[in-house]
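Please read the structure below before turning to the comments.
As the structure lists them, so they are numbered: ligands from 1, and atoms in each ligand from 1.
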Amino acid sequence: MTHSTASPATGGEWWRNAAVYQIYIRSFADGNGDGVGDVAGLRARLPYLRDLGVDAVWINPWYESPMADGGYDVADFRRIDPVLGTGEEGAAFVAEAHEHGLRVILDIVPNHVSDRHAWFRAALASGPGSPERERFLFRDGRGPGGDEPPNGWRAAFGGPAWTRTTDPDGTPGQWYLHLFAPEQPDLNWDHPQVRAEFESILRFWFDQGVDGFRIDVAHGLVKHPDLPDFAVHEHDQHLTADGGEHPHADRDGVHDIYRAWRAIADEYEGDRVFAAEAWVSDPARLARYLRPDELHTAFNFHYLEAPWRAKAMRAAIDDSFAALGPIGAPATWVLSNHDVVRHVSRFGRPGHAQGKSLGMVRDTPVDLELGTRRARAAALLTLGLPGSAYLYQGEELGLWEVEDLPPEVLQDPTWERSGHTDPGRDGCRVPLPWSGQEPPFGFGGARPWLPQPAAWRDLTVEHEDARPDSMLNLYRAALRIRRTEPGLAGAEMAWVDAPEGVLAFERGDGVRCVVNFADEPHPLPEGAEVLLSSAPVEGGRLPGDAAVWLRLR
Ligand code: NOJ
């Protein structure tokens, strides 16, 4: 079977096959020594990213925020949080990234704002029925005295999706909707001011040269006008749409918003792009976000969620091409991000325990050596496929999930809101180890905001740089070959027959990628030249849990 995602990247459509590096800025590099990563640290490490060989960076929200949800509670979209830097530093960063040949993607959070945002403060101060409240979803409560929430919707981090306000005279007032934490009130996207404000925010950053936006909760903006009751899964932090009509996920109305956004991006020079974070379980529904007049790409969470098994991986790949091929949108591939258990720790769980959240998997023992071997193979699979790839900071070092953070340091709202049953996402957000023998491993500052494990001494950039067989050097080589090998440049791939437990596909020019998910070594075609392999190929055989890029003679 042959897949084609779209016409090859011509005319500078860089996003069709870009490698995008995700920067969780608070944990990337600390330039001012306060224990929190910042723009100064990021600027200083730009040469590292250039040498790694990625095409673009996506930065998690850097806007002014009280940090109730790691910056996804934005108080002012036009200002960089003072803990992270200044507007001037941000502008300098964008210019320097461009000088290094790197594009810059910011994170836009349109579903909700911080409860400290000027609009929400005005809404609370202005009282029921006021125009200020119209920009949010305020409702009277149900039951005697309005003591019960307006409906039974649940919040992604646990608990009800409604919080009751207190009126200025101290009596209990209306309730407001928050699909995430109470500090993140949802905006009312039926309100023209909300639409106009976000269009203006996009222009503000596009005017500064930013190349695109990752759209947070892209499937969640529009709500059913009646806010009807509906059973949503408790603790589904992504508010996945399961198909069928859902009162707040993947509603048809979101597409009008993105058509308007696309028109704005298209006014600007130089291929400005959008990438949707849309947790929509049906690939055909996800493809609707990528119609030619809507968004450019969307994260492929089916791939991220697939267990380390040939059949499951192949199905995720096939489904993605089947949905995207007809509309000419490129596939995307992602293994980890700041919301899920790092994939070394997912793939290292025998029995393929593949839960996204630490709470779901932590009772299953983990084998980090196995996880690392599989993560190396997964890197070659991911970077060998046509389309764009998203790499989460630290995966190029083989970092694993820190599963034993002491409860007192946890900051993810999931921990509190789940009643201390799920530690949440801090374990994948621990600051990067750069150099040296002990924490803070060159991150900067004496004490990083989350403690790093001592065992990361073998996973620092400095340590791995010096070892030809390190994860870092595997990623560097893979990204270099992906850029320079003409066979990997096109948008096509074709499956090649392979025994059970093995996936093999060809790209252009006789380049073949083989991934062995089985335990037994797999014989490779005779005389093939090994371009890159995740584990040593001996006697022409690819070991289990390994992958190789070959050039066939
Ligand atoms: C998805 C983001 O990736 C996650 O970190 C955040 O908590 C929610 N959206 C809410 O903004």
Side-chain angles (χ1 to χ4, degrees), residues 20 22-28 58-75 77 81 105-117 120 136 153-159 161 177-187 189 198 201 213-221 223 232-233 235-241 248-250 254 274-280 289 298-301 304-305 332 334-342 356-359 390-393 401 410-418 422-430 450:
V20 184
Q22 179 191 348
I23 293 179
Y24 195 77
I25 184 164
R26 306 180 75 209
S27 301
F28 185 69
W58 148 38
I59 304 170
N60 288 106
W62 64 3
Y63 316 107
E64 192 174 291
S65 165
M67 298 286 172
D69 179 21
Y72 283 93
D73 47 320
V74 179
F77 282 97
D81 193 275
I105 295 174
L106 298 184
D107 206 320
I108 188 96
V109 190
N111 182 67
H112 42 264
V113 293
S114 161
D115 60 350
R116 312 271 184 86
H117 189 283
F120 193 70
F136 297 90
W153 293 2
R154 312 293 293 171
F157 301 131
L177 179 73
H178 54 85
L179 291 178
F180 292 87
E183 295 89 347
Q184 292 166 295
D186 276 51
L187 288 164
W189 273 87
F198 275 86
I201 293 164
F213 290 90
R214 173 260 191 196
I215 305 169
D216 190 62
V217 204
H219 58 302
L221 277 43
K223 277 84 183 174
V232 256
H233 312 296
H235 300 327
D236 174 9
Q237 63 170 356
H238 306 298
L239 306 175
T240 311
H248 61 65
D250 191 30
V254 293
F274 294 109
E277 187 224 18
W279 290 87
V280 177
Y289 290 74
F299 289 95
N300 184 348
F301 295 124
L304 180 150
E305 288 174 330
T332 67
V334 61
L335 292 165
S336 279
N337 64 33
H338 65 294
D339 288 332
V340 301
V341 173
R342 281 190 177 274
K356 286 174 291 196
S357 89
L358 185 53
Y390 284 83
L391 314 177
Y392 177 48
Q393 71 179 37
E401 184 83 4
L410 296 180
Q411 298 201 9
D412 181 359
T414 306
W415 173 239
E416 287 302 328
R417 306 277 301 168
S418 70
D422 189 338
R425 303 161 293 175
D426 289 321
C428 66
R429 300 174 176 180
V430 173
L450 289 172

Between Trp279 and ligand 1, which part of the residue brings a heavy atom under 4.0 Å of the ligand: side chain, backbone, both or neither? neither
With a 4.5 Å heavy-atom cut-off, do Pro182 and Asp115 have their side chains touching? no
Within a distance under 4.0 Å of any heavy atom of His112, pick out the atoms of ligand 1 and give their elements. 10 (C), 11 (O)
Salt bridge or not for Asp69 and Arg417, using N-O below 4.0 Å? no
Report the residue from Trp279, Tyr390, Tyr392 that forms a ring-ring contact (aromatic ring centres under 6.0 Å, His included) with Phe299. Tyr390
Identify the heavy atoms of Asn337 and Asp339 that sit nearest to each other, and give their distance. OD1-N, 2.7 Å
Evaluating non-hydrogen atoms only, which member of Asn60, Asp69, Asp412 is closest to atom 7 (O) of ligand 1? Asp69
Filtering Val109, Thr414, Asp216, Asp339 for the heavy atom nearest atom 5 (O) of ligand 1 leaves Asp339
Per-atom contacts of ligand 1 with Arg425, taking only distances under 4.0 Å to non-hydrogen atoms: 4 (C), 5 (O), 6 (C), 7 (O)
Arg429 neighbourhood, listing ligand 1 atoms whose heavy-atom distance to it stays under 4.0 Å: 5 (O)
Region of Val217 that comes within reach of ligand 1 [heavy atoms, distance under 4.0 Å]: side chain
Do Asn60 and Gln22 pair up side chain to side chain, a donor and an acceptor below 3.5 Å, judged on atom types alone? yes
Is the closest basic N to carboxylate O distance between Lys223 and Asp186 below 4.0 Å? yes
With heavy atoms of Glu277 as the reference, note each atom of ligand 1 found under 4.0 Å away. 1 (C), 3 (O)
So the atoms of ligand 1 within less than 4.0 Å of a heavy atom of Phe157 turn out to be 7 (O)
How close do Asp107 and Pro61 get, heavy atom to heavy atom, and via which atoms? OD2-CD, 3.4 Å
